[in-house]
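A quick write-up on the structure given underneath.
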Amino acid sequence: MRLPTVSFPVGLVILSQLLLGCASGPATPVVDSSASDQSQLLSITPAQIDCGLVSQCELPPPISMMLRNGTTEPIRVRGFVATCGCTIPDLRPNIEIAPGEEVMVNVRLELWGQGRKQQFIRFIDENFQPLGRVQVRYEVRSSLRSTPSGISRDVNPDGTFQVESLTDEKFTILQSNPAVVLQRNTEAAADHSLTINWKEVDALALATTPIPEFTFDSAGKWSTLLVRIATDKPDCSEVFIWLRNITPTRPATY
C-alpha cells in the first residue's frame, strides 16, 4: 500500500543568523597538533569561524572563507579532508590557484547530534599533503532532530529516517517541501518514522525547471536537495534535512 505523500507551500524564513552568517572566531590559539599556521601554503581567511548556537529547526547559517595563494608558484588543490562529514566545502576538484590569486569557498553545514562541536577542514595537494586548514565551531541545540540529518541515497536506499522530540513532547508532521516525504503515522507522537521517495526526487530533478533547492554536478546530475519538514510544534515549525545523491568519497578527492 502506498504511503501518503505530504506537501506544503514554501515558507519564508527570516533569521538574523541566516542574514549575517557565521562570525570570525576570536584570535585564540587553535587546538590542532597536525598543522601550524607557519606551514600553511594557502592563506585562509578567516582561520576560525564561530557559528554560535544552531538548530535543526532553522536553516544552517552560511559559511564562507577565502583561500589565497601567497607563494610565488601555482598551487593545485586536490580537495579537502574534514574531521566530520557535516562540514562540506563547495570546492571544484583539482583547482589551481595562481600566485596572489584568491578563491572564495562556501561550506555547507549539516547538523549532527547535540552539544558543542569543533570541526577542522584541511585542504590538500595532489600528494594529500596539507596546504592549510580552517576551524569551524558551533553548538547544536534543537527541540526536534532528524536522524540522520543528511540522507545519502547510496547509504540509505530505503530513505528511512526519524524525526523525534528531545523532550518527549508529542507533535505532528504536517507537510514537506518539496513533496518527497512519506509518513506512516499522521497522529501526534514524540517520534516519527519517515521515508524519502527517491523516485519523486529524481522526477523533480528532471523537470524542465528544477526547484532551486537542488544542486547539480558538472554532468547535470542532481547532487543535493534541501528538504523542509513542517510540524505543529511552536518552537520548531520546520526541520531541515539534506538529501545527497551519493556520499562524498573520503578521504576527499574533491
Side-chain angles (χ1 to χ4, degrees), residues 18 20-25 27 29-51 60-110 112 117-138 150 152-155 205 210 212-226 242-254:
L18 177 62
L20 297 175
C22 300
S24 300
V30 176
V31 181
D32 181 16
S33 59
S34 66
S36 63
D37 291 334
Q38 290 76 16
S39 65
Q40 294 196 161
L41 296 177
L42 285 176
S43 171
I44 304 178
T45 307
Q48 298 178 57
I49 299 172
D50 193 339
C51 295
I63 301 176
S64 61
M65 64 198 69
M66 186 72 73
L67 309 186
R68 184 179 186 276
N69 180 0
T71 74
T72 58
E73 299 291 335
I75 294 177
R76 184 175 296 276
V77 183
R78 177 186 178 92
F80 67 91
V81 292
T83 53
C84 174
C86 50
T87 48
I88 307 171
D90 179 18
L91 182 69
R92 192 172 73 248
N94 297 310
I95 185 173
E96 184 171 283
I97 305 178
E101 183 182 3
E102 296 182 336
V103 174
M104 180 67 73
V105 176
N106 297 317
V107 176
R108 186 173 79 249
L109 183 63
E110 295 182 2
W112 298 2
K117 311 290 181 179
Q118 176 177 271
Q119 317 295 355
F120 286 94
I121 302 171
R122 299 176 180 84
F123 298 94
I124 56 175
D125 66 14
E126 296 170 288
N127 298 313
F128 293 92
Q129 297 302 305
L131 295 170
R133 57 94 178 93
V134 62
Q135 179 196 49
V136 180
R137 296 182 296 192
Y138 53 95
S152 295
R153 189 176 193 168
D154 55 338
V155 175
E213 286 79 9
F214 274 111
T215 64
F216 294 85
D217 62 20
S218 58
K221 188 175 182 179
W222 77 269
S223 299
T224 66
L225 173 64
L226 178 63
W242 289 95
L243 305 186
R244 295 186 291 260
N245 207 5
I246 188 171
T247 303
T249 303
R250 298 185 70 192
T253 55
Y254 39 146

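The shown structure was predicted, so the numbers you read here are calculated from the model rather than taken from an experiment. The figures that follow rest on heavy atoms only: side chains count, while hydrogens, waters and symmetry mates do not.
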I'd like to know whether N245 forms a side chain to side chain contact (heavy atoms under 4.5 Å, CB included) with S223, so could you lay out the CA-CA distance, the side-chain angles of the two residues, the decisive distance to 0.1 Å, and finally the verdict. CA-CA 5 Å; N245 207 5; S223 299; 5.7 Å; no
Decide yes or no for [X] and [Y]: does some side-chain heavy atom of the first lie under 4.5 Å from some side-chain heavy atom of the second?
{"X": "V134", "Y": "M65", "result": "yes"}
{"X": "N106", "Y": "I63", "result": "no"}
{"X": "Q129", "Y": "L131", "result": "no"}
{"X": "V77", "Y": "L42", "result": "yes"}
{"X": "V107", "Y": "I121", "result": "yes"}
{"X": "Q48", "Y": "V136", "result": "no"}
{"X": "W242", "Y": "L225", "result": "no"}

Show the nearest heavy-atom pair for residues [X] and [Y], with the distance to one decimal.
{"X": "A205", "Y": "P210", "value": "O-CG, 3.8 Å"}
{"X": "P89", "Y": "V105", "value": "CB-CG1, 3.9 Å"}
{"X": "E73", "Y": "N69", "value": "O-ND2, 2.8 Å"}
{"X": "L91", "Y": "I95", "value": "CD1-CG2, 4.0 Å"}
{"X": "R244", "Y": "S152", "value": "NE-OG, 2.8 Å"}

Rounded at 0.5 Å granularity, tell me how far [atom1] in [X] sits from [atom2] in [Y].
{"X": "L67", "Y": "L41", "atom1": "CG", "atom2": "CG", "value": "12.5 Å"}
{"X": "R108", "Y": "L226", "atom1": "CZ", "atom2": "CG", "value": "9.5 Å"}
{"X": "R78", "Y": "D125", "atom1": "CZ", "atom2": "CG", "value": "9.5 Å"}

Full working for side chain to side chain contact (heavy atoms under 4.5 Å, CB included) between F123 and I44: CA-CA 10 Å; F123 298 94; I44 304 178; 3.7 Å; yes
Going by side-chain hydrogen bond (donor to acceptor under 3.5 Å, both in side chains), name the residues that satisfy it together with T224, two or more places apart in sequence or in a different chain.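 With sequence neighbours excluded, T224 shows a side-chain hydrogen bond (donor to acceptor under 3.5 Å, both in side chains) to T215, given in chain and number order.
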Partner set under side-chain hydrogen bond (donor to acceptor under 3.5 Å, both in side chains) for S64, not counting sequence neighbours: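 If we apply the side-chain hydrogen bond (donor to acceptor under 3.5 Å, both in side chains) test to S64, skipping adjacent residues, there are no hits.
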For Q119 and Q135, test the side chains for any donor-to-acceptor distance below 3.5 angstrom and give the result as yes or no.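 No, because no side-chain N or O of Q119 sits under 3.5 Å from a partner of the opposite role on Q135.
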With sequence neighbours excluded, give me every salt bridge (Lys or Arg N to Asp or Glu O under 4.0 Å) pair touching residues 62-72.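 Those involving residues 62-72 are R68-E102.
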If you apply the rule side chain to side chain contact (heavy atoms under 4.5 Å, CB included), what do you find for T83 with R122, and how did you get there? CA-CA 9 Å; T83 53; R122 299 176 180 84; 3.7 Å; yes
Under the side chain to side chain contact (heavy atoms under 4.5 Å, CB included) criterion, do I124 and F80 qualify, and how do the steps go? CA-CA 6 Å; I124 56 175; F80 67 91; 5.8 Å; no
Just jot down the ring-ring contact (aromatic ring centres under 6.0 Å, His included) partners of F214, sequence neighbours excluded, or say none.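 Here the qualifying residues are F216, W222.
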With sequence neighbours excluded, residues passing salt bridge (charged side-chain N to carboxylate O under 4.0 Å, His left out) with E126: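 Counting only residues at least two positions away or on another chain, E126 forms a salt bridge (charged side-chain N to carboxylate O under 4.0 Å, His left out) with R76.
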